[in-house]
Amino acid sequence: MKPDYIPHAVERAAQDYWVAHDSFRARERPGAEKFYCLCMFPYPSGRLHMGHVRNYTIGDVIARYQRMRGKNVLQPIGFDAFGLPAENAAIANGVPPAKWTWDNIDYMRRQLKALGFAIDWSRELATCQPAYYKWNQWLFLRMLEKGIAYKKTGVVNWDPADQTVLANEQVIDGRGWRTGALVEKREIPMYYLRITGYAESLLADLEPLTGWPERVRTMQANWIGRSEGVKLAFPYSIDQRDEKLWVFTTRADTLMGTTFVAIAAEHPLATRLAQGKPGLAAFIDECKQGGTTEAELATQEKKGMATGFSVKHPLTGAPLPLWVGNYVLMAYGEGAVMGVPGHDERDFAFALKYRLPIVQVIDVEKKPYDKQQWAEWYAEKTGTCVNSGRYDGLPYGKAVDAIAADLEKKGLGEKQVVFRLRDWGISRQRYWGCPIPLIHCPLCGDVPVPDAQLPVILPEDLVPDGSGNPLAKHAAFLNCKCPKCGGAAQRETDTMDTFVDSSWYFLRYCSNDNAKAMVDERARYWMPVDQYIGGIEHAILHLLYSRFWTKVMRDLGLVGVSEPFSNLLTQGMVLNQIHFRREGARVVYFNPADVEDGVLKSDGKPVEAGGLGTMSKSKNNGVDPQVMVDRYGADTVRCYMMFTAPPEDTLEWSDASIEGSARFLKGLWKQVQDHAAAGPAPALEVAALNSAQKKLRQKTHATLQKVGDDLGRRLKLNTVVAANMELRNAVADFDDASPQGRAVVQEALEALVATLAPITPHICHALWQALGHVEPVIDARWPEPDAAALKADRVTLVVQVNGKLRGRVEVPADAGNDAIAEAALADDNVRKFIAGAAIKKRVVVPGKLVNFVV
RNA sequence: GCCGAAGUGGCGGAAUGGUAGACGCAGGGGACUCAAAAUCCCCCGAGGCAACCCCUCAUGAGAGUUCGAGUCUCUCCUUCGGCACCA
């Protein structure tokens with residue numbers, strides 16, 4: 001009897017088998033070659049979206065493949081459970097974030113199980129569990145002891161209407177997303193982690209990380225942004241005292257071209273000079289409007305105001321006007337820049353706008369200099385100094401050395417290395433996060449919570465209302481005793497950035513049941529992660545923070561590795577259309593499924609098109625894969641996700657072509673069942689094969705070779721499916737019920753089922769049994785191609801004349817170059833194009849082509 | 001604005017410096033069927049040719065390197081990701 005393909009029954013049976021046999025429980029087996037396969041854990045936003053399905057399918061394919069290669073595989077999962085959307089849901093629905101989060105986790109866990117991922121569920125964790133975040137707090141205290149964590153002020157977005165701090169995402173066109181109020185910048189005290197202390201090693205350790213995509217390493221290196229330059233001082237006198245204004249520059253060679261100095265609006269000197277100057281004070285206030293993001297600062301109109309105050313040139317002593325400029329970033333360097341309009345594009349534009357002098361001090365091969373129009377070469381480091389007194393004629397490097405030496409003699413400067421990287425501010429004025437374990441005592445100051453009192457538990461029954469942090473109004477959490485003096489004190493109500501939670505979860509999977517320690521020796525067995533898979537959007541922040549955190553833990557003796565992830569696959573985003581409406585100052589997003597022809601289906605009124613964007617909760621443009629799983633089954637959805645685009649490319653969602661994957665699996669099922677219904681195939685006798693049988697066998701082994709390379713080395717999963725579709729087509733076209741014909745088909749079908757098993761594990765579980773195997777396909781050996789079967793007697797070469805295809809020629813596989821050329825020249829069309837001309841050159845690529853240059 | 005990618009038929013994509021369009025979707029034609037669905041077979045980049053052969057053009061635009069470029073280099077355009085409080 002040949003059973004029909006009923007995906008849900010097949011999938012249930014396979015999943016029941018794996019659960020009954022505890023197939024994916026990972027155990028430490030010293031001596032066994034381990035493989036830690038990890039996907040970035042999901043934020044429990046509600047339901048899985050297509051990006052999740054893509055991510056976890058890629059990971060699952062790799063995990064199952066490595067298992068078939070004989071590795072001891074660990075594939076865990078958990079939930080990144082703290083964060084802003086839970087608070088937003090609470091504001092919208094009046095449900096505490098904890099309940100919302102756990103309901104979502106329960107639903108998503110069911111979805112993940114329905115997709116059949118080979119996950120060790122015993123290691124599941126959620127970052128909102130006290131047993132997890134206790135260790136955030138514990139490590140934070142260790143960092144505080146070592147001076148890695150410290151307190152300073154930082155700038156936040158402040159919504160004056162709701163009296164609350166806003167995330168960048170909640171600021172839309174400079175206004176609060178709920179209130180529409182103009183957002184202000186505000187300085188508040190925060191805790192920082194000194195990631196800059198690790199800048200050198202974070203940069204240096206990128207170099208040997210060859211398992212990472214080059215683009216991610218480049219992005220990280222640029223983000224860290226090491227630059228060598230000179231820190232130098234412009235002296236000035238104020239209130240009868242001599243002081244120095246420090247700046248950093250990578251272009252000390254242009255120092256003699258300085259015509260002004262500009263400081264950030266937040267610079268302390270700006271504040272001092274604004275006293276008694278209402279105009280300047282108003283300008284500084286104006287600079288405090290608008291957002292805090294770098295993109296916003298970099299694209300805003302460059303504005304400045306003279307302070308009326310001067311500083312002195314460090315070498316000539318000449319007075320230079322001091323300006324406040326909104327393009328000067330307090331966060332980078334010293335919060336002040338020397339203005340060299342001759343050789344810096346921004347300074348040039350600023351000088352033109354405010355009619356400041358422009359002086360040329362670098363010449364490049366005597367090219368003409370125009371003070372009205374910026375030219376690219378003005379900023380080049382290839383010229384020599386001019387109009388620079390004793391530095392005239394010096395090239396870049398020597399000029400910098402000479403100027404730095406002269407500054408140093410005067411105590412006004414020295415060479416310095418600075419990084420673009422800034423310390424990591426982790427304080428969030430939010431409820432749904434990990435409490436920062438500090439107590440503020442009126443007598444003792446900031447007192448760390450003693451280890452014995454950890455974790456500081458977050459109360460889970462509060463409902464935020466959008467104005468401020470509910471922890472700050474919750475007496476039971478807020479009021480406590482000072483651990484030092486025993487007097488009345490208050491807890492810190494800020495919580496940690498959720499990036500803290502995700503910076504070490506991969507370590508906790510190794511020992512998630514240990515209540516006594518953050519990590520234990522099991523982490524030494526499993527770490528580093530052999531393959532990490534996640535969205536390209538995490539290329540910088542999450543990966544950089546995880547690398548930093550791992551290095552801190554290494555320095556505390558907690559882990560044995562310096563880098564957490566040996567190999568990284570950055571999956572492309574799954575994009576979908578964005579639709580929205582502006583309702584007053586608020587923006588409301590609509591799911592593409594509810595929109596047709598630019599109109600919302602429910603009310604027939606138009607919506608605005610926001611273009612393509614990554615599927616996200618905040619843009620409400622996710623596609624629920626559950627509909628597809630219900631209709632086609634998990635294997636079809638998995639197959640389609642892998643087939644439709646290479647893992648690293650962006651994928652624009654369309655559910656139109658999933659039918660092809662459904663047909664493929666249906667056809668494969670029928671072929672295997674038809675074949676199996678005729679009884680066991682006889683043993684293969686290679687020597688007895690006819691040429692058609694040899695040809696199918698060659699196709700089988702060519703497919704094994706391609707698929708093995710695509711899966712093992714290239715991670716091109718789309719072509720794994722495509723190559724297997726080709727092989728299936730070849731089997732379908734092969735009409736030979738003879739004993740050896742059936743033996744060749746058996747081999748082809750086994751290759752198909754085994755190599756597809758990582759991608760479509762359920763159907764392959766059933767078909768592997770149908771092909772006569774007792775052991776499950778998850779434990780089958782990955783099939784390797786047979787070199788002898790790959791060899792053909794004769795090969796077809798392409799013949800080119802001057803690089804253009806003019807013919808084909810079939811020659812014995814072992815033909816020499818002269819024999820190939822002779823055969824190629826016998827082709828009529830080839831002869832036509834050579835047409836008596838002299839052959840200047842002959843290029844033969846063995847097995848591929850021959851090219852005549854005439 | 002800065003940093004990093006991507007751009008190939010009607011669509012998703014293949015081509016690992018060597019035959020551009022594998023594989024699939026959609027579409028067209030046919031078989032089966034009372035009919036439909038499902039399934040199976042054939043065609044399917046544009047132009048030239050009565051037709052086959054064959055020729056020309058074509059991988060966002062423009063240049064360059066090479067016997068040979070979708071692939072490498074440069075410039076430009078468009079789209080996407082990141083820009084430190086979305087995760």
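Lettering of chains follows the sequences in order, A, B, ..., and the numbering in each one begins at 1.
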Protein-nucleotides 56-63 of chain B N/O pairs closer than 3.5 Å?
| unit_1 | atom_1 | unit_2 | atom_2 | d |
| --- | --- | --- | --- | --- |
| U56(B) | OP1 | Arg806(A) | NH2 | 3.3 |
| U56(B) | OP2 | Arg806(A) | NH1 | 3.2 |

Select base, sugar-phosphate, or nothing to describe what [X] touches, counting heavy atoms under 4.0 Å on all strands.
X         : answer
Lys840(A) : nothing
Val165(A) : base
Met190(A) : base
Phe852(A) : nothing
Asn829(A) : sugar-phosphate
Val853(A) : sugar-phosphate
Leu849(A) : base
Gly535(A) : nothing
Pro42(A)  : nothing
Leu297(A) : nothing
Asp494(A) : nothing

Nucleotide of [options] approaching [X] most closely (side-chain heavy atoms):
X         : options                : result
Arg215(A) : U19(B), G1(B), A5(B)   : A5(B)
Ala295(A) : C67(B), C83(B), G4(B)  : C83(B)
Lys706(A) : A38(B), A15(B), C54(B) : A15(B)
Trp223(A) : C67(B), C83(B), C85(B) : C83(B)
Arg420(A) : G12(B), A84(B), U16(B) : A84(B)
Thr299(A) : G1(B), C85(B), C55(B)  : G1(B)

**Asked** What do the steps show when you test Lys151(A) against Glu492(A) for salt bridge (charged side-chain N to carboxylate O under 4.0 Å, His left out), and what is the final call?
**Response** CA-CA 12 Å; Lys151(A) 192 179 188 180; Glu492(A) 169 67 52; 5.6 Å; no

Rounded to whole angstrom, note down the [atom1] distance from [N] over to [M].
N      : M      : atom1 : answer
G62(B) : C77(B) : C1'   : 11 Å
U71(B) : G9(B)  : P     : 15 Å
G27(B) : G10(B) : C1'   : 8 Å
A38(B) : C25(B) : P     : 12 Å
U33(B) : G24(B) : C1'   : 27 Å
A15(B) : A26(B) : C1'   : 23 Å
C44(B) : G70(B) : C1'   : 22 Å
G17(B) : G7(B)  : P     : 15 Å

Is the phosphate of [N], meaning OP1 or OP2, less than 4.0 Å from a side-chain N or O of [X]?
X         : N      : value
Lys841(A) : C67(B) : yes
Arg186(A) : C85(B) : no
Lys716(A) : A15(B) : yes

Look at the side chain of [X] and the base of [N], then say whether one donor and one acceptor between them are separated by less than 3.5 Å.
X         : N      : value
Gln429(A) : C85(B) : yes
Asn168(A) : C85(B) : no
Arg430(A) : C85(B) : yes

**Message:** Would you say that more than 12 heavy atoms from the other residues, nucleotides or ligands in this model lie under 6.0 Å from the CD of Glu376(A), or not?
**Reply:** no

Write out a two-atom table: protein N or O, nucleotide N or O from nucleotides 20-25 of chain B, distance below 3.5 Å.
| unit_1 | atom_1 | unit_2 | atom_2 | d |
| --- | --- | --- | --- | --- |
| A22(B) | O2' | Glu726(A) | OE2 | 3.0 |
| G24(B) | OP1 | Asn729(A) | ND2 | 3.0 |
| C25(B) | OP1 | Arg663(A) | NH1 | 2.5 |

**Message:** Can you tell me how far apart CD (Gln571(A)) and CD1 (Ile58(A)) are? Round to the nearest 0.5 Å.
**Reply:** 4.5 Å

**Message:** To the nearest 0.5 Å, what is the distance between CD on Gln429(A) and CH2 on Trp158(A)?
**Reply:** 9.0 Å

Can you tell if the side chain of [X] reaches within under 4.5 Å of the side chain of [Y], non-hydrogen atoms only?
X         : Y         : answer
Phe664(A) : Leu756(A) : yes
Lys716(A) : Lys706(A) : no
Leu569(A) : Pro647(A) : yes
Gln220(A) : Trp212(A) : yes

**Request:** Examine Tyr632(A) together with Tyr640(A) and report whether their ring centres are nearer than 6.0 Å.
**Result:** no

**Request:** Taking the six-membered ring for Trp and the single ring otherwise, decide whether the centroids of Trp549(A) and Tyr505(A) are under 6.0 Å apart.
**Result:** no

Rounded to whole angstrom units, what separation is found between the [atom1] atom of [X] and the [atom2] atom of [N]?
X         : N      : atom1 : atom2 : value
Met642(A) : G12(B) : CE    : P     : 18 Å
Asp501(A) : C86(B) : CG    : P     : 15 Å
Trp424(A) : C83(B) : CH2   : P     : 14 Å

Quick check: closest heavy atoms across [X] and [Y], and the distance to 0.1 Å?
X         : Y         : value
Glu537(A) : Met573(A) : OE1-SD, 2.9 Å
Asn326(A) : Glu301(A) : ND2-O, 2.9 Å
Met50(A)  : Val574(A) : CB-CG1, 4.0 Å

**Complete:** Across all chains, not counting sequence neighbours, the side chain to side chain contact (heavy atoms under 4.5 Å, CB included) partners of Ala730(A) are Leu696(A), Lys699(A)

**Request:** Return the set of residues passing side chain to side chain contact (heavy atoms under 4.5 Å, CB included) with Asn222(A) (not counting sequence neighbours), or none when no residue passes.
**Result:** Thr218(A)

**Fill in**
Taking Watson-Crick and G-U wobble contacts under 3.5 angstrom, with | marking pairs to another strand and [ ] crossing pairs, the secondary structure of RNA chain B is written (((((((..(((.....[....))).(((((.......))))).((((.....))))..(((((..]....))))))))))))....

**Item:** N-glycosidic conformation, G9(B) - syn within 90 degrees of 0, else anti
**Value:** syn

**Prompt:** Of Thr292(A) and Phe82(A), whose closest RNA chain B nucleotide lies nearer the 5' terminus?
**Reply:** Thr292(A)

Return the polar atom pairs (N/O with N/O) between nucleotides 74-81 of chain B and the protein under 3.5 Å, or none.
| unit_1 | atom_1 | unit_2 | atom_2 | d |
| --- | --- | --- | --- | --- |
| G81(B) | OP1 | Thr614(A) | N | 3.4 |

**Message:** Can you classify the ring geometry of Tyr532(A) versus His542(A) as parallel (below 30°), tilted (30 to 60°) or perpendicular (above 60°)?
**Reply:** tilted

